[in-house]
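Treat the numbers as computed from the prediction; the structure is a model and nothing was measured.
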Amino acid sequence: MANAQAGGQWYPLEWPGRIRALASGELTPVTPKRAATVMLLKDTGAGPAVHMLRRRTSMAFAGGAYAYPGGGVDPRDDDRHVRWAGPSLEWWADRLGVDRAGAQAIVCAAVRETYEEAGVLLAGPAPDAVVGDTTGADWEADRAALVARELSFAEFLDRRGLVMRSDLLGAWTRWITPEFEQRRYDTWFFVAALPEGQRTRNASTEADRTVWITPREAAGGYDRGELLMMPPTIATLRQLTAYGTAAEALGAAPARDLTPVLASARLVDGEIVLSWPGHDEFTKHIPTGGAPA
């Protein structure tokens, strides 16, 4: 269960109890699973818009919250040969702060999840090409097989003779779910531009609607309490407002700091202070027996 506190911040009601349990040593943090999410951009007259989906309210994690297409890494994609365009795996490993196999799996996850949840595929028949319309029945059959994990993304690319366009992605930021959460993810956020000839659709079973919205409009909706979001989502939206085109955002990605953002909880004067380094707007003061402020 979750509610909106300041603005539209997603805040689970069970957090205070779990934070206290962690502080007292009664709670052992679970190991975060690697994940990737993509801020898909397209240019409009009002600047770049970002593709967002609203998670179904029935979802156990962040139900009703707006987010980007994304999901967990598939370990089957870490060592199988993948036809690769763009920076080398060694470059990506250094950029993401992981080993070569981990880099392949994370970048594959970013491209796969964008295809699974938005119907957009950052791959093509050659290193300088991108597929066009992906809405045909044969494409949908493959997409469904990917969602069901009957097919790995590496196998999908190989079957279709496609090259993965890692050059169309820019690594933007990295957030790790707080230690007191039941479900934890180590998530790399990427930016990408909608390829010409492709269009998004709500292909996700986890979302009840999708929107193209400018980061400024989305942030305004959050500030008014109209759009529910988790801290990394609204934080990245605020960062994107600085760019006038999708190309500008992509151009800025290589210089972005990928030091993981991990929330900390500490006891100060009888209350729990929950904070995210570098993001003061999310700081919460939780009385030992009450609700957050």
Side-chain angles (χ1 to χ4, degrees), residues 31-40 51 53 67-171 185-207:
T31 301
K33 298 179 180 178
R34 286 179 172 175
T37 190
V38 177
M39 299 177 286
L40 192 63
H51 180 71
L53 52 84
Y68 313 114
V73 163
D74 185 343
R76 295 178 298 176
D77 292 331
D78 64 5
D79 59 359
R80 186 184 177 100
H81 174 69
V82 173
R83 297 173 66 199
W84 194 272
S88 68
L89 277 172
E90 289 74 19
W91 184 93
W92 277 109
D94 181 67
R95 179 73 180 118
L96 302 179
V98 297
D99 61 18
R100 190 175 183 275
Q104 177 170 304
I106 291 164
V107 175
C108 276
V111 178
R112 172 178 50 77
E113 289 288 341
T114 304
Y115 181 49
E116 287 183 6
E117 298 194 340
V120 170
L121 183 58
L122 304 176
D128 59 351
V130 182
V131 297
D133 187 6
T134 61
T135 58
D138 58 332
W139 286 104
E140 180 57 25
D142 277 351
R143 194 196 65 78
L146 286 168
V147 172
R149 297 296 181 263
E150 297 166 356
L151 182 68
S152 76
F153 192 63
E155 291 168 339
F156 162 75
L157 293 173
D158 185 57
R159 174 191 295 182
R160 286 187 170 270
L162 295 175
V163 179
M164 192 163 76
R165 295 289 306 276
S166 80
D167 54 318
L168 299 181
L169 285 170
Y185 299 94
D186 183 354
T187 306
W188 284 263
F189 286 69
F190 295 85
V191 288
L194 178 68
E196 187 175 351
Q198 294 193 40
R199 61 183 187 273
T200 56
R201 57 196 173 93
N202 183 8
S204 173
T205 58
E206 298 179 354

Atom CH2 of Trp91 and atom CG of Leu96: how far apart are they, to the nearest 0.5 Å?
7.5 Å
Check whether any side-chain N or O of Thr187 sits under 3.5 Å from a backbone N or O of Ala35 as a donor-acceptor pair, and report yes or no.
no
Could you check Asp167, Leu89, Val163 and say which one makes a side chain to side chain contact (heavy atoms under 4.5 Å, CB included) with Trp84?
Leu89
How long is the span from the CD atom in Glu155 to the CD atom in Glu150, to the nearest 0.5 Å?
11.0 Å
Do you know which two heavy atoms are closest between Pro69 and Glu117, and how far apart they sit?
CA-OE1, 3.2 Å
Take atom CZ of Arg199 as the centre, draw a 6.0 Å sphere, and report whether it contains more than 12 heavy atoms from other residues, nucleotides or ligands.
no
Quick one: OG1 on Thr134 to CZ on Arg143, what's the gap to the nearest 0.5 Å?
9.5 Å
Mutual orientation of the aromatic rings belonging to Tyr115 and Phe156 [parallel < 30°, tilted 30-60°, perpendicular > 60°]:
parallel
Among Leu122, Val191, Thr114, which residue satisfies the side chain to side chain contact (heavy atoms under 4.5 Å, CB included) criterion with Leu169?
Leu122
Stepwise side-chain contact (heavy atoms from CB on, under 4.5 Å) test for Arg159 and Leu151
CA-CA 10 Å; Arg159 174 191 295 182; Leu151 182 68; 3.5 Å; yes
Mind running side-chain contact (heavy atoms from CB on, under 4.5 Å) on Phe189 and Thr37 for me, showing each step along the way?
CA-CA 5 Å; Phe189 286 69; Thr37 190; 3.1 Å; yes
CZ (Phe153) and CG (Asp142) are apart, to the nearest 0.5 Å, by 10.5 Å
Using a 6.0 Å distance limit plus a 45 degree cone around the ring axis, check whether Arg95 lies over the aromatic ring of Trp188.
no
Whether the side chain of Arg83 engages the backbone of Gly161 through a donor-acceptor N/O pair (distance < 3.5 Å, no angle test) should be reported.
yes
Just by modelled atom types, is the Pro127 backbone N or O under 3.5 Å from a matching donor or acceptor in the Arg165 side chain?
yes
With no hydrogens and no angle check, is any side-chain donor or acceptor of Arg112 less than 3.5 Å from a backbone partner on Leu146?
no
So does Leu121 get a backbone contact from the side chain of Gln198, meaning a donor-acceptor N/O pair under 3.5 Å?
yes
